Amino acid sequence: MIKADVIIIGSGIAALQLAVHLNEDKNVRLLTKSKLRLSNSYLAQGGIAAAIGVNDHPSKHLTDTLEAGRFHNHLEAAKQIIYEAPSLIRDISGKGNVFDMDSNGEFSLGMEGAHREHRIVHSGGDATGKNLSEYFIEKLPPNLKVEEDSFAYELVLNSEGTRCIGVKVKRQDESQEIYYGNHIILATGGCGQLYKYSSNAKTVTGDGIALAYLAGAEIMDMEFIQFHPTLLFVNGDTKGLISEAVRGEGAILVDENGTPIMEGVHPFKDLAPRHIVSQTIHEYLKNGSQVYLDITSIKNFKNRFPQITELCEKHGVDLTKGKIPVVPGSHFMMGGIKTDLIGRTSIPGLYAIGESACTGLHGANRLASNSLLEGLYQGKKLAEWLNTVQQDPIEIEVSNHKKGCQRSRKLPDIQEIQEFMMERVGIVRSEMSLKKQKKWLEQFKLEEISSFDHFSISELTKIFMLFTANLITEAALQRTESRGGHYRMDFPTEDNERWLRKSIIQQKWEMEKRYEQIETALTT
Ligand code: SIN
């Protein structure tokens, strides 16, 4: 049995930002199911959105965020995070030479979809996630112990079931360990790998959502999955992301005849919000067309996008021809574990930050480059809070160490889960496709699983994927309208009457109430 003050599960930007801001007198463990550098954040190309340019203002960034999120956002959460963005960037830039600067020594600001201003701070052209992760990894303090290949498979609650006090972990050799901690932080990312086509790292399979859900934490907005319009598509499969910043620099989407496909679809054309671009490409592909990014107007493509150039060359795409074959694929989960701004969930002692959390910043569709921003914000705020909060002793008598061997369970292949999710709960959904998926999921009788101890890591991965798939499918069935990343062909428009009933003012009131409840729970 191992005990720590803070246990961080995951190794993306939110986790690293938290780790470097915690006081050095804390005993901190960072557990990651694979390797420290294997995360969605590490793969991030575009950058971090911040109203930092001379003509920009956080109010404009906020407006773009709400518009892309189709006003499903939590206004207060969005406001707090966006107004803090410039100082989060300056804080990092003041300590290290991380971001790309222009010849005047100002931040070089890129453009991405649905932004009205150039406001994407980037690093190494298209290597923002990698460079930022390395910047943090170098700063990891000595009080933090990183444990790789450690798969978190069950959260441990106290005997009353009212507080999270630990996590059960399996290693590659299937040995298991319980880690107890005063504060357990889920920074496990989203669930992109639930889909056949995805920009996400192979490890991003929805574990954190399933863990929190099984422990009884509130989960929200799971129907809102963002499909990025442009994943490199070669030999019938996706090979990685082609950043939206490529369209920000002037590339346009064309069909096999070179005809632009976004003309007349949205006033922002190729830089329309992602759900609109993805739905348009989906329509073309369904009708048998091929879609390409025409990059002929971009000068110095290789300098501005070194990683994308390498990716294309690796997969035999000749960039001198000026056309990159693309398809949309799952990219980001807007919903997740319901948290307040600093990551407190509905279970005291359990926190979620980054993509696994749902603060409400993104609404129904995330604005490009707002995700690293949210991770930086939450990581820092949670560290500040944990550095000051009084640490209650935790009782180490475990109530949910469940008995029973449940090894012989029928489970599908990962490919089967991914194909069915793409087809039935993907870019376009309907009651029929969702009910079909629900029925398919029911055969695995997930609700009958009472103990996770006896499953292997690969079985647990599939079980967690199925739990998360179920949450998405149920939420998508319940939302009988189309909004942002959730498109129902049987309800193709937004139901604004329903939206008005749950207006932003009401959401603000609900959020304040929740803060009060959590504060009370933590101080009593
Ligand atoms: C991209 O580079 O297109 C991805 C950026 C993001 O998802 O925010």
Side-chain angles (χ1 to χ4, degrees), residues 12-14 39-50 61 64-65 68-69 81-82 85 89 99-100 108-115 118-133 189-192 195 197-201 204 224-232 238-253 268 270-278 281 293 295 298 301 304-312 324 326-334 354-355 361-363 365-377 484-485:
I13 287 299
S39 69
N40 267 355
S41 296
Y42 208 87
L43 296 178
Q45 296 176 353
I48 306 164
H61 183 181
D64 292 348
T65 299
I81 297 172
I82 283 164
I89 296 295
F99 300 118
D100 297 336
S108 165
L109 298 173
M111 176 57 122
E112 287 182 357
H115 286 272
H118 281 75
R119 62 167 74 97
I120 314 302
V121 179
H122 47 85
S123 175
D126 55 5
T128 311
K130 177 173 180 244
N131 291 355
L132 199 55
S133 300
C191 61
Y195 289 89
Y197 296 148
S198 176
S199 64
N200 284 200
V204 183
F224 298 117
I225 300 291
Q226 180 175 87
F227 290 85
H228 194 291
T230 56
L231 306 195
L232 176 62
T238 52
K239 307 290 178 193
L241 185 69
I242 306 292
S243 175
E244 199 163 64
V246 173
R247 277 173 285 137
E249 293 290 330
I252 57 166
L253 289 156
F268 289 8
D270 295 88
L271 289 175
R274 286 183 185 165
H275 62 285
I276 294 175
V277 185
S278 289
I281 299 177
L293 259 179
I295 58 163
I298 305 179
F301 187 90
R304 174 65 178 91
F305 300 111
Q307 292 207 139
I308 296 173
T309 302
E310 202 184 309
L311 181 75
C312 288
I324 304 176
V326 291
V327 294
S330 74
H331 184 58
F332 192 85
M333 176 187 75
M334 271 69 75
E355 190 175 344
L361 165 64
H362 309 302
N365 181 37
R366 175 176 64 85
L367 183 69
S369 289
N370 266 355
S371 51
L372 291 181
L373 168 62
E374 188 183 41
L376 289 176
Y377 178 94

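Worth saying up front: this structure is predicted, and the values here are computed from it rather than measured. Every number for a ligand or one of its atoms is a count from 1 in the order of the listing.
- Polar contact check, I242 against ligand 1: no nitrogen or oxygen pair lies under 3.5 Å apart.
- Partner of S199 under the side chain to side chain contact (heavy atoms under 4.5 Å, CB included) criterion, out of L241, N40, T230, L43: L241 alone.
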Q: Decide yes or no on side chain to side chain contact (heavy atoms under 4.5 Å, CB included) for D270 and V277, but give the supporting numbers first.
A: CA-CA 7 Å; D270 295 88; V277 185; over 6 Å; no
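- When R247, Q45, H331, E244 are checked for heavy-atom proximity to atom 3 (O) of ligand 1, E244 turns out nearest.
- At a heavy-atom cutoff of 4.0 Å, ligand 1 is contacted by no atom of L372, backbone or side chain.
- For ligand 1 and A368, the ligand atoms under 4.0 Å from any heavy atom of the residue are 8 (O).
- Closest to atom 2 (O) of ligand 1, if we only count protein heavy atoms, is S243 OG, 2.6 Å.
- The single protein non-hydrogen atom nearest to atom 5 (C) of ligand 1 is R274 NH2, 3.4 Å, given as residue, atom name and distance.
- M111 places none of its side-chain heavy atoms less than 4.5 Å from the side chain of E249.
- Of the candidates A49, S369, G47, it is S369 that places a heavy atom closest to atom 8 (O) of ligand 1.
- In terms of polar-atom proximity, N370 is not counted as a contact of ligand 1, lacking any N or O under 3.5 Å from an N or O of the ligand.
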Q: Begin from the C-alpha positions of V246 and I308 and carry the test side chain to side chain contact (heavy atoms under 4.5 Å, CB included) through to its verdict.
A: CA-CA 9 Å; V246 173; I308 296 173; 3.8 Å; yes
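- Contact between D126 and ligand 1 is absent, with no heavy atom of the residue lying under 4.0 Å from the ligand.
- Other residues, nucleotides and ligands contribute over 12 non-hydrogen atoms within 6.0 Å of the NZ atom of K239.
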Q.
If you apply the rule ring pair (Phe, Tyr, Trp, His ring centres under 6.0 Å), what do you find for F224 with H362, and how did you get there?
A. CA-CA 10 Å; F224 298 117; H362 309 302; over 10 Å; no
Q: Could you give me the CA-CA distance, side-chain angles and deciding distance for Y195 and F227, then say whether ring pair (Phe, Tyr, Trp, His ring centres under 6.0 Å) is met?
A: CA-CA 10 Å; Y195 289 89; F227 290 85; 5.2 Å; yes
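- Between Q226 and ligand 1 there is no heavy-atom distance shorter than 4.0 Å.
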